[in-house]
Amino acid sequence: MKKKMVAIGLAATMVVSSMAIGMSAYAEDSDPILIGAVYPMTGDLADSGKTMQQGIDMAIDEINEAGGIDGREIEVIYGDTQGDSATGMSEAERLITQENVDVLIGCYQSGVTATVAQIAEPYGVPLITENATSDALTANGYEYFFRLAPTNMMFVRDMIDYIKEASENDSEVAGSSVAVFTDNSEVGQQTVEWTEYWAGENDIEYLGSVLYTSGAADLSSEVLQLKSMDADVVVADCYVSDAILFTKTLNEQGYSPSMIICKGNGFTEAAYLEGVGSLANGVVVATEFVVGSKGEEITDKYYELYGEDMNGHSAEAYTSTWVLIDAFKNSVEAGNEINNETIKDELSVIEIDGTFSNGNEIILPYDRIAFEEDEFNGSPYLNQNLSATVTVTQIQDEEYVTIWPYEIAATDLVYPAQYQ
């Protein structure tokens with residue numbers, strides 16, 4: 001499949017890219033390698049931004065304590081998107097043109113990530129996203145954009161696979177119909193699209209969706225609409241403040257779906273359990289990582305540093321940072337300067353099997369990382385980590401425990417869920 005031409009002027013791209021190369025190429029050997037990190041550090045999504053900052057900082061401390069890259073330390077400069085696309089764009093441009101960063105990492109929300117990618121591409125600065133899931137992000141032909149996380153398609157594929165297997169393995173588990181509860185963002189629309197698609201592929205009846213505006217003060221009418229659909233399984237995708245309100249509203253309306261399965265998103269943040277407590281018991285969560293599955297030494301260290309468990313977001317941020325670290329190392333070992341172009345080239349060919357260069361294992365639920373090209377159902381994927389998969393957990397006694405894949409499950413599904 002040929003790479004698409006990026007929708008920007010080629011001449012302008014070459015001019016701006018050469019400017020960006022100049023910013024990096026003349027760094028002194030003792031200067032730090034600069035990573036720009038773009039996240040919501042304030043506002044409704046600040047808890048998520050903090051989680052990812054912690055994962056990044058832990059990885060950076062590890063490499064700097066080991067002597068850095070060829071004697072050079074790595075420094076992270078943060079930009080605050082405030083959860084807003086326009087702000088994210090201006091912060092990314094500031095990091096590129098004023099702070100002279102070599103590479104960007106971010107931006108959590110797919111909408112913000114899309115606008116930042118539009119800035120990074122003409123400047124020729126690599127951007128790696130660890131957890132933005134919109135399928136469109138890797139469909140633009142951007143050569144400087146790389147994604148570690150599963151796409152929406154991959155997330156929902158695994159969630160529907162679990163519903164089907166759970167109902168086939170236990171006749172008491174009903175999995176004949178699904179309905180979706182999500183916001184009306186691009187990502188939410190994709191969650192709806194892929195749920196309908198994968199439900200159809202697995203002979204599960206798709207009953208429809210209930211959409212809301214993220215940050216809404218009340219979800220009563222939406223929950224009542226969802227309740228009237230009477231689906232065997234509710235598929236939910238919410239940011240953390242919405243996830244808290246949704247869970248509380250379910251309780252207020254007396255609606256207890258036998259199974260709610262959620263994309264990790266806000267349902268994995270520490271603030272979620274803090275906000276709803278035992279009301280979360282029974283909620284099924286598909287996530288990029290769960291404590292106890294892999295990397296116990298790493299997760300113990302994270303808890304000691306930050307006083308909370310590592311979750312999918314922090315685990316992916318930590319992992320993406322080590323991918324960048326190994327790309328830096330590979331560039332040096334090849335006798336190249338570390339700059340935006342060499343980083344892009346290294347990310348394009350990097351392949352990590354099992355462990356990183358420091359000997360630590362990949363803690364996510366797969367053992368290989370590579371940014372590859374493919375196409376699925378008409379959607380192209382460029383520089384996508386196609387090996388990415390998810391783990392399905394259930395919140396039991398206010399803790400996330402693995403219930404699928406069955407070969408790594410720590411316990412059985414509690415069904416029907418009680419939410420108390």
Side-chain angles (χ1 to χ4, degrees), residues 155-182 191-192 194-212 219-238 242-268 272-273 276-287 290 390-406 409-420:
F155 242 107
V156 177
R157 173 199 64 197
D158 291 356
M159 292 162 70
I160 297 297
D161 279 351
Y162 170 69
I163 293 169
K164 184 176 182 180
E165 287 194 30
S167 59
E168 288 176 345
N169 289 351
D170 186 343
S171 60
E172 293 185 4
V173 176
S176 298
S177 63
V178 296
V180 179
F181 183 86
T182 187
T191 299
V192 170
W194 288 115
T195 301
E196 182 174 10
Y197 175 84
W198 286 116
E201 289 292 298
N202 288 277
D203 296 322
I204 297 172
E205 184 181 7
Y206 173 74
L207 298 180
S209 62
V210 177
L211 303 180
Y212 66 91
L219 293 174
S220 298
S221 61
E222 288 85 354
V223 167
L224 286 173
Q225 182 184 350
L226 186 67
K227 183 177 182 179
S228 70
M229 298 169 80
D230 194 28
D232 289 339
V233 181
V234 171
V235 173
D237 186 2
C238 312
D242 302 329
I244 292 170
L245 181 59
F246 173 56
T247 304
K248 289 181 175 179
T249 306
L250 289 171
N251 178 259
E252 292 165 2
Q253 299 296 335
Y255 178 35
S256 299
S258 295
M259 186 193 299
I260 302 173
I261 184 168
C262 313
K263 272 183 64 186
N265 214 340
F267 293 91
T268 62
Y272 173 66
L273 282 180
V276 302
S278 62
L279 294 179
N281 287 333
V283 172
V284 176
V285 183
T287 181
V290 61
V390 303
T391 298
V392 177
T393 69
Q394 187 176 42
I395 301 174
Q396 299 179 6
D397 296 326
E398 298 181 45
E399 292 186 355
Y400 299 86
V401 290
T402 305
I403 58 173
W404 188 87
Y406 293 123
T411 190
D412 296 327
L413 170 73
V414 174
Y415 185 90
Q418 299 301 311
Y419 312 110
Q420 62 183 17

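The model shown is predicted, which means the values in this text are computed figures rather than measured ones. Quick note: numbers below take in every heavy atom, side chains included, and nothing from hydrogens, waters or symmetry partners.
- By the 4.5 Å heavy-atom criterion applied to side chains, Asp161 and Asn202 are counted as neighbours.
- In summary, the aromatic rings of Phe246 and Tyr212 are positioned with their centroids too far apart to meet the 6.0 Å limit.
- Under a 3.5 Å cut-off, the side chain of Asn281 and the backbone N or O of Tyr419 do not form any donor-acceptor pair.
- Going from atom CZ of Phe181 over to atom OG1 of Thr249 covers 7.5 Å, rounded to the nearest 0.5 Å.
- Side-chain contact between Asp412 and Ile403 is absent, with no heavy atoms from C-beta onward closer than 4.5 Å.
- Of all heavy-atom pairs between Gly266 and Ala243, the closest is C-CB, 4.3 Å.
- Taking both residues in full, the closest heavy atoms of Gly264 and Phe155 are given as N-CE2, 4.0 Å, listed atom of the first, atom of the second, then distance.
- No more than 12 heavy atoms of other residues, nucleotides or ligands shown are found within 6.0 angstrom of CD on Glu172.
- When the shell of 6.0 Å around CD of Glu222 is examined, it contains more than 12 heavy atoms from other residues, nucleotides or ligands.
- Contact of the Val192 side chain with the Asp237 side chain is not registered, since no non-hydrogen atoms from C-beta on lie closer than 4.5 Å.
- Residues forming a side chain to side chain donor-acceptor pair (under 3.5 Å) with Thr247 (at least two apart in sequence, or on another chain): Tyr272.
- At least one side-chain heavy atom of Ser278 sits less than 4.5 Å from a side-chain heavy atom of Glu398.
- Using a distance-only test at 3.5 Å, with no hydrogens or angles considered, no donor-acceptor pair links the side chain of Glu165 to the main chain of Ile163.
- The OG atom of Ser209 lies 8.5 Å from the CD atom of Glu196; values are rounded to the nearest 0.5 Å.
- With a 4.5 Å cut-off on side-chain heavy atoms, Met259 and Val173 count as touching.
- Counting heavy atoms from C-beta outward, Tyr406 and Tyr162 have side chains that approach closer than 4.5 Å.
- Using a 4.5 Å cut-off on side-chain heavy atoms (C-beta onward), Asp170 and Tyr415 make no contact.
- Annotation for Val180 and Tyr206: closest pair CG2-CE1, 3.9 Å, computed over non-hydrogen atoms.
- Taken to the nearest 0.5 Å, the OG atom of Ser220 stands 5.0 Å off from the CD atom of Gln253.
- Note that CD of Gln225 is 8.5 Å distant from CG of Leu211, once rounded to the nearest 0.5 Å.
- Here Trp194 contributes atom CH2 and Lys263 contributes atom NZ; the two are 12.5 Å apart, rounded to the nearest 0.5 Å.
- The ring pair (Phe, Tyr, Trp, His ring centres under 6.0 Å) search around Tyr400 returns none, not counting sequence neighbours.
- Pairing each heavy atom of Met229 with each of Val210, the nearest pair is SD-CG2, 3.7 Å.
- Using a 4.5 Å heavy-atom cutoff, the side chains of Ile260 and Leu250 are in contact.
- Remark: side-chain polar atoms of Ser177 are paired, donor with acceptor, to backbone N or O of Asp232 under 3.5 angstrom.
- Here the CG-CG distance, from Asp230 to Leu207, works out to 8.5 Å after rounding to the nearest 0.5 Å.
- Summarising the geometry of Ile395 relative to Ala280, their closest heavy-atom pair is CB-O, 3.5 Å, with the distance given to 0.1 Å.
- A side-chain donor-acceptor contact under 3.5 Å links Gln394 and Gln396.
- Without hydrogens or angle criteria, Lys164 side chain to Gly175 main chain gives no donor-acceptor distance under 3.5 Å.
- None of Thr393, Val233, Leu413, Val235 except one satisfies the side chain to side chain contact (heavy atoms under 4.5 Å, CB included) rule with Val284; the exception is Leu413.
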